[in-house]
Amino acid sequence: MVFQDSKFDIAQVVDYFSHKPDGDLAIYYEMEENESTTSRGLVEVCPESNRILKFLEKPSPEETASRNASVVFYTFRSSTIQMLLKYLHEFPSTEQRTFGAFMSWLINVQNVMVYGMKLPTGFQLIGQVGLKDYESWLSYLTSQAEKESKDPIYKRAYARVGLMGNPSDGFNGKTISLSIANFWAEVTIVESPKLRLIPHPLNDPTEFGSMADLHGISTKEGYLGGLRLLQATCKKFYSFCAKRGIALTRRNFTLSYDTNIPRQVGLAGSSAIVTATLKCLIAFFNLSDHDIPRPLQPQFILDVEKDELLINAGLQDRVVQVYEGLVYMDFSKTVMEQQGHGNYSHLGALLPPMFLAYRLNPSDSGQIHSNVSMRWQAGDQEVIAGMQKFATLTDKATEAIQSQDWSALAQLMNENFDLRRQLYNDAVLGEENLRMVTLGRSMGAAVKFPGSGGAVLGMLNDQTKMEEVRHRYQEDGCVVVEVLPKWPDDL
């Protein structure tokens, strides 16, 4: 047997098998497009449990949609090995005495629990062939491995603005969010002898010109840079792959990041770094959406922040950073319980002009969820009704967007903020944040929070007032930019 990747790590196989005492283990890989299903034993694997539901020996393409091919690499419990005698007794013919036939009988007929573990690369079974055949396959697999780029991989995740429904994403609500091309986080990964995480010179400083510099930088940037996000994502990624039965090759790498997303203004800067890091790791280890399904990626990102870093947040930001564009999200309880994730869909690529205003040095972004979460968990009817109203506003906003009724959308944006203010109160939202909303509304703009505070999202039906709006916000110490939507590449 020749593996395409010489860095195959058998220790991961042994470890995974040791954590599955109730079953056996079969290794598989995802076939390349030019490989025929009739040349392999194929497996159908449950995406939740990793149990192999069906084993098909050299099936035709019509028999299964699976492209997961058995590697003829199995780890058996002693009880399963004893079943070999039973199989040999029932099938005396030489043609039937193959591992493929045995596995098909074991899984499909005897219903024995067999788990699957995925290899990141392919293999070839040499069998009884000559030296030329061996050299031919070795040359082919070597060339395939060399095609893997040794150049750095760059991945971006973009800031987002919550257009409607926020902050109901953490309360079984519905939201609409937009990724914006104005700001992003970019992560770079490149193969290296040792695994290294590179601190950002501004966000993770370790050297200062003086105590005054240290004081100034710490006051403005805080103490929680992006390095912890890289480390937490790597830790969670390894655990996730081990639990899902994905064998990672023994490749070390260097990770670094950069970001221009303004800090502490509620534009999802932290989750952008985690999202971009996840994209890098998926690409570096030759994985795909089949291994980490797209609807589950936002939950992975949220788990990094909540479980590893104790950051309280909801799914909305992570969903739009994975899907990009203008995304409608339904987090209703029945949907989440049935699927393990929400319903996410794109709403096209047409919006009216919008602006974003944010403070360079936000000072009172507030404790945005305040006691609302506790009231929600306690069954407070005002909070429950409020979250249901957010969902209703989101559905109405969807209709307004689809019919291009921008006046209706503007009214709904104002209603969204007014409802938020009612539930959270002024002390929580913060005086400076409220002043930004009031300022925009005084000039006829529809204005709401795009996130947790420190910034406002506005829409003007009368674009001739935009220069006045810009000037007034700048006088109040804000930066004003035109919102540039980041549409997904495949939309």
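Since we're looking at a predicted model, the values are computed, not measured.
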Original post:
Measuring from R318:CZ to R160:CZ, what's the distance to the nearest 0.5 Å?
Top reply: 8.0 Å
**OP:** Flag this pair as yes if the NZ/CZ of R420 is under 6.0 angstrom from the six-membered ring centre of F449 and inside a 45 degree cone about the axis; otherwise no.
**Re:** no
Original post:
Is the NZ atom of K54 crowded by more than 12 outside heavy atoms at less than 6.0 Å?
Top reply: no
Original post:
So how far is it from F237 CZ to I282 CD1, rounded to the nearest 0.5 Å?
Top reply: 6.0 Å
**OP:** Classify the side-chain pair T233/T277 by whether it contains a donor and acceptor separated by less than 3.5 Å.
**Re:** no
**OP:** To the nearest 0.5 Å, tell me how far L88 CG sits from S93 OG.
**Re:** 11.5 Å
Original post:
Is the closest side-chain donor-acceptor distance between S271 and Q321 under 3.5 Å?
Top reply: yes
Subject >> Separation between CG of L281 and CD1 of I189, rounded to the nearest 0.5 Å >> reply: 5.0 Å
**OP:** Evaluate whether atom CZ of R97 has more than 12 neighbouring non-hydrogen atoms of other residues, nucleotides or ligands under 6.0 angstrom away.
**Re:** yes
Original post:
Which heavy atom of S60 sits nearest a heavy atom of T37, and at what distance?
Top reply: C-OG1, 3.6 Å
**OP:** Evaluate the side-chain proximity of D204 to Y257: yes if any heavy-atom separation is below 4.5 Å, no if none is.
**Re:** yes
Original post:
Just by modelled atom types, is the A268 backbone N or O under 3.5 Å from a matching donor or acceptor in the D317 side chain?
Top reply: no
**OP:** Report yes or no: does E305 contribute a side-chain atom to a donor-acceptor pair with the main-chain N or O of L302 at less than 3.5 Å?
**Re:** no
Original post:
Would you say N260's side chain and F183's backbone share a donor-acceptor pair under 3.5 angstrom?
Top reply: no
Original post:
Any donor-acceptor pair under 3.5 Å linking the side chain of S332 with the backbone of T334?
Top reply: no
Subject >> CA sep, side-chain torsions, deciding dist, call: E63, L42, side chain to side chain contact (heavy atoms under 4.5 Å, CB included) >> reply: CA-CA 10 Å; E63 289 183 67; L42 266 61; over 6 Å; no
Original post:
With a 4.5 Å limit on heavy-atom distance, are the side chains of N182 and L356 in contact?
Top reply: no
Original post:
Just wondering, do H19 and F17 contact through their side chains at under 4.5 Å, heavy atoms?
Top reply: no
Original post:
Does any non-hydrogen side-chain atom of V109 lie less than 4.5 Å from one of E90?
Top reply: no
Subject >> Residue pair W105, Q110: steps toward the side chain to side chain contact (heavy atoms under 4.5 Å, CB included) verdict >> reply: CA-CA 6 Å; W105 171 80; Q110 298 298 313; 3.3 Å; yes
**OP:** Report yes or no: does N166 contribute a side-chain atom to a donor-acceptor pair with the main-chain N or O of T175 at less than 3.5 Å?
**Re:** no
Original post:
Salt-bridged, D330 to K333, with N to O below 4.0 Å?
Top reply: no
Subject >> Any donor-acceptor N or O pair under 3.5 Å, side chains Y154, D258 >> reply: no
Subject >> 4.5 Å side-chain heavy-atom contact, Y28 and F55 >> reply: no
**OP:** Please lay out, stage by stage, how L178 and V320 fare under the test side chain to side chain contact (heavy atoms under 4.5 Å, CB included).
**Re:** CA-CA 7 Å; L178 174 70; V320 74; 5.7 Å; no
Original post:
How far apart are the closest heavy atoms of F355 and V483, and which atoms are they?
Top reply: C-CG2, 3.8 Å
Original post:
Do T398 and M164 come close enough that some side-chain heavy atom pair is under 4.5 Å?
Top reply: no
Original post:
When you look at CD of Q231, are more than 12 heavy atoms from neighbouring residues, nucleotides or ligands closer to it than 6.0 Å?
Top reply: no
Subject >> Validation row: D169, M329 side chains within 4.5 angstrom (heavy atoms) >> reply: no
Original post:
Can you list the steps and then say if V45 with R51 is a side chain to side chain contact (heavy atoms under 4.5 Å, CB included)?
Top reply: CA-CA 6 Å; V45 185; R51 180 180 181 180; over 6 Å; no
Subject >> Heavy atoms of other groups near F99 CZ, more than 12 under 6.0 Å >> reply: no
Original post:
Closest approach of M459 and P352, non-hydrogen atoms and distance?
Top reply: SD-CG, 3.2 Å
Subject >> Under 3.5 Å: donor-acceptor pair, side chain of T38, backbone of P59 >> reply: no
Original post:
Do Y328 and N343 get their side chains close enough for a donor-acceptor pair, meaning under 3.5 Å?
Top reply: no
Subject >> Minimum-distance pair of heavy atoms, taken over all atoms of G165 and T394 >> reply: CA-OG1, 3.3 Å
Subject >> From I176 atom CD1 to L409 atom CG, the distance as rounded to the nearest 0.5 Å >> reply: 7.5 Å
Original post:
In terms of the angle between their ring planes, are F171 and W376 parallel, tilted or perpendicular, with boundaries placed at 30° and 60°?
Top reply: perpendicular
**OP:** Would you mind checking if K236 and D303 are paired as a salt bridge, meaning a charged N to carboxylate O distance below 4.0 Å?
**Re:** no
Subject >> Given L106, I107, N108, the one that forms side chain to side chain contact (heavy atoms under 4.5 Å, CB included) with S104 >> reply: N108
Original post:
Just by distance, do the side chain of E482 and the backbone of P353 share a donor-acceptor pair under 3.5 Å?
Top reply: no
Subject >> Shortest non-hydrogen contact between W487 and G348, atoms and distance >> reply: CZ3-O, 3.3 Å
**OP:** Verify, without hydrogens or angle tests, whether R77 (side chain) and D22 (backbone) share a donor-acceptor contact under 3.5 angstrom.
**Re:** yes
Original post:
With side chains defined as the heavy atoms from C-beta onward, is the minimum distance between L315 and M336 less than 4.5 Å?
Top reply: yes
**OP:** Please report the shortest heavy-atom distance between D307 and L310, naming the atom on each side.
**Re:** O-CD2, 4.4 Å
Original post:
Could you state the interatomic distance from CD1 (I246) to NE2 (H290), rounded to the nearest 0.5 Å?
Top reply: 12.0 Å
**OP:** Kindly say whether I292 contributes a backbone atom to a donor-acceptor pair with the side chain of Q297 at under 3.5 angstrom?
**Re:** yes
**OP:** Please check if atom NZ in K155 has more than 12 non-hydrogen atoms from other residues, nucleotides or ligands closer than 6.0 Å.
**Re:** no
Original post:
Any idea how Y323 and Y344 line up, ring-wise: parallel (<30°), tilted (30 to 60°), or perpendicular (>60°)?
Top reply: perpendicular
**OP:** Taking N50 for its side chain and R244 for its backbone only, find out whether a donor-acceptor pair lies under 3.5 Å.
**Re:** yes
Original post:
Can E30 and R67 be counted as an ion pair, charged N to O under 4.0 angstrom?
Top reply: no
